[in-house]
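The structure appears right after this line, and notes come after that.
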There are 2 protein chains.
Amino acid sequence: MDDKKQRIIEIAEQLFAQYGFLKTTMEDIAKKVHMGKSSVYYYFKSKDDIFVEVIRQDTLVFQKKLIDAVNITSTPEDKIRAYVTTRMTHLQDLSKFYSTLTDEYLDHYLFVEEVRKDFYDNENIVLKKLLEEGVKQNSFDVDDVVTISRMISIAIKGLEFSLFVEAKDYDPVKESNEMLDLIFNGIANR
Amino acid sequence: MDDKKQRIIEIAEQLFAQYGFLKTTMEDIAKKVHMGKSSVYYYFKSKDDIFVEVIRQDTLVFQKKLIDAVNITSTPEDKIRAYVTTRMTHLQDLSKFYSTLTDEYLDHYLFVEEVRKDFYDNENIVLKKLLEEGVKQNSFDVDDVVTISRMISIAIKGLEFSLFVEAKDYDPVKESNEMLDLIFNGIANR
DNA sequence: TTTTCGACCAATACCGCTTTTCGGTCGAAA
DNA sequence: TTTCGACCGAAAAGCGGTATTGGTCGAAAA
């Protein structure tokens, strides 16, 4: 039962990656799972529902990957660096895999963003926690943790944007670390 | 001759702002300038050409505004703050004025960006110069001015992005200054 | 020589229409 | 509990013909 559901998700993910969300029909999915279309509806109540589930699972894997990357480092600074570089690298891989979906990106952008909302919310929490940790350990000097983590999020969004625009020969690790140098040290002379 | 050309640009700007680029026809422009359509083509070789010229002049005004804002301040930090807050405020105003064009934004996004390329290039130069000034005056501590100015640009892009997404009740000055606090001071404890 | 414009062209948008496709439902059968 | 064929309404796609639109050209003003 659950494995059938899982199978549908995996097939759907493949098809979405290959043809994009719009061009993939429920028939396509059903056929490839060797089911009637109606049977697929026994497991999912809509096409959007399948998509949401695909994204959700991807996000879960992504988050686990981020946690692992953060956990093998020790200082707060290294943790944040690990978080950001891993995030950017993963995003670059993703944009290759989902090349078709990237073209549709602008279209159902809002929809994807809504599904991703949980991810972003969580990201903010993680960043805030890492900041607080650094403050406690006296390696960071931040008084408004909420605002600063928001600004860091925005700066990362900027990185993400230039990743999408400059596309090729973009080194996400180098780029991330340069941004992080700025974020950690600032430019003021003290 | 040049005033005729200028007149076409101004009329076109009005129409673009009101109806957007696609909905504005060459006939519309010609009629409002009291000319035959062919005559407009005597002054401009294409519709795109007119659009480019409109953007170019807007950009020039924008740049002058930025220069003025920077010039009435004295310290390098204040100059950068003036630059960024003015930039963001102006952008917000622009997005209201060109509300129709904003809807089309996604469509000929790449086209607009290409026209704006000069602006971004110039922005990088200005930021670099302001950074160098600050380094000389010993208020900034930056060794790779090129990289840092690039990163500041990217962070600003992030701000711009959140301006477009969050749209209403967005306070560009507050947002800018919070980002600038981060950029100037960093988060590392020293 | 500079400027204006009517006539014209090809590509594309638009229109009313019909047909097809697609997401989704339902009831029956396995 | 699970599968599926038959079916539905809405939206998309196709289509032939017409109108619009960006752009050209050569002739006539100025």
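Lettering of chains follows the sequences in order, A, B, ..., and the numbering in each one begins at 1. Please read these numbers as outputs of a predicted model, since none were measured by experiment.
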Exercise. Ignoring backbone atoms, test whether Lys23(A) places a side-chain nitrogen or oxygen under 4.0 Å from the OP1 or OP2 oxygen of dC22(C).
Key: no

Quiz item: Which of these nucleotides, dC14(C), dC4(D), dC5(C), is closest to any side-chain atom of Met35(A)?
Solution: dC4(D)

Practice problem: Rounded off to whole Å, could you give me the CD1-to-C1' distance for the Ile29(A) and dC22(C) pair? | Solution: 12 Å

Quiz item: How is Phe44(B) classified with respect to the nucleic acid when contacts are heavy atoms under 4.0 Å: base, sugar-phosphate, or nothing?
Solution: nothing

Quiz item: Should Glu132(B) and Lys129(B) count as an ion pair when the cut-off is N to O under 4.0 Å?
Solution: no

Self-check item: Parallel, tilted or perpendicular: rings of Phe51(B) and Phe16(B) (30°, 60°)
Solution: perpendicular

Quiz item: Does Ser39(B) have a side-chain nitrogen or oxygen under 4.0 Å from the phosphate oxygens OP1 or OP2 of dT3(C)?
Solution: no

Quiz item: Taking OP1 and OP2 of dT3(C), is either one under 4.0 Å from a side-chain nitrogen or oxygen of Tyr42(B)?
Solution: yes

Self-check item: Lys5(A)/Glu53(A) ion pair, N-O < 4.0 Å
Solution: no

Practice problem: Please determine if Asp28(A) and Lys32(A) form a salt bridge, counting it only when a charged side-chain N lies under 4.0 Å from a carboxylate O. | Solution: no

Quiz prompt | Nearest-angstrom distance from the residue atom OH of Tyr43(B) to P of dG23(D) | solution = 18 Å

Quiz item: Can a salt bridge be assigned to the pair Asp181(A) and Arg81(A) using a cut-off of 4.0 Å between side-chain N and carboxylate O?
Solution: yes

Exercise. Determine, for nucleotides 23-30 of chain C in 5'-to-3' order, which nucleotides have protein heavy atoms under 4.0 Å from the base (write B), from only the sugar-phosphate (write S), or from neither (write -).
Key: BBBB----

Quiz item: Shortest non-hydrogen contact from Ile9(B) to Phe44(B)?
Solution: CG1-CZ, 3.6 Å

Practice problem: Please assess Thr59(A) against Arg56(A) for the test side chain to side chain contact (heavy atoms under 4.5 Å, CB included), listing each intermediate value before the final yes or no. | Solution: CA-CA 5 Å; Thr59(A) 304; Arg56(A) 217 183 56 81; 5.6 Å; no

Quiz prompt | Stem list, DNA chain C (Watson-Crick or G-U pairing under 3.5 Å, at least 3 consecutive pairs) | solution = C:1-30 with D:1-30

Self-check item: Val33(B): side chain to side chain contact (heavy atoms under 4.5 Å, CB included) partners, not counting sequence neighbours
Solution: Arg7(B), Ile8(B), Ile11(B), Ile29(B), Met35(B)

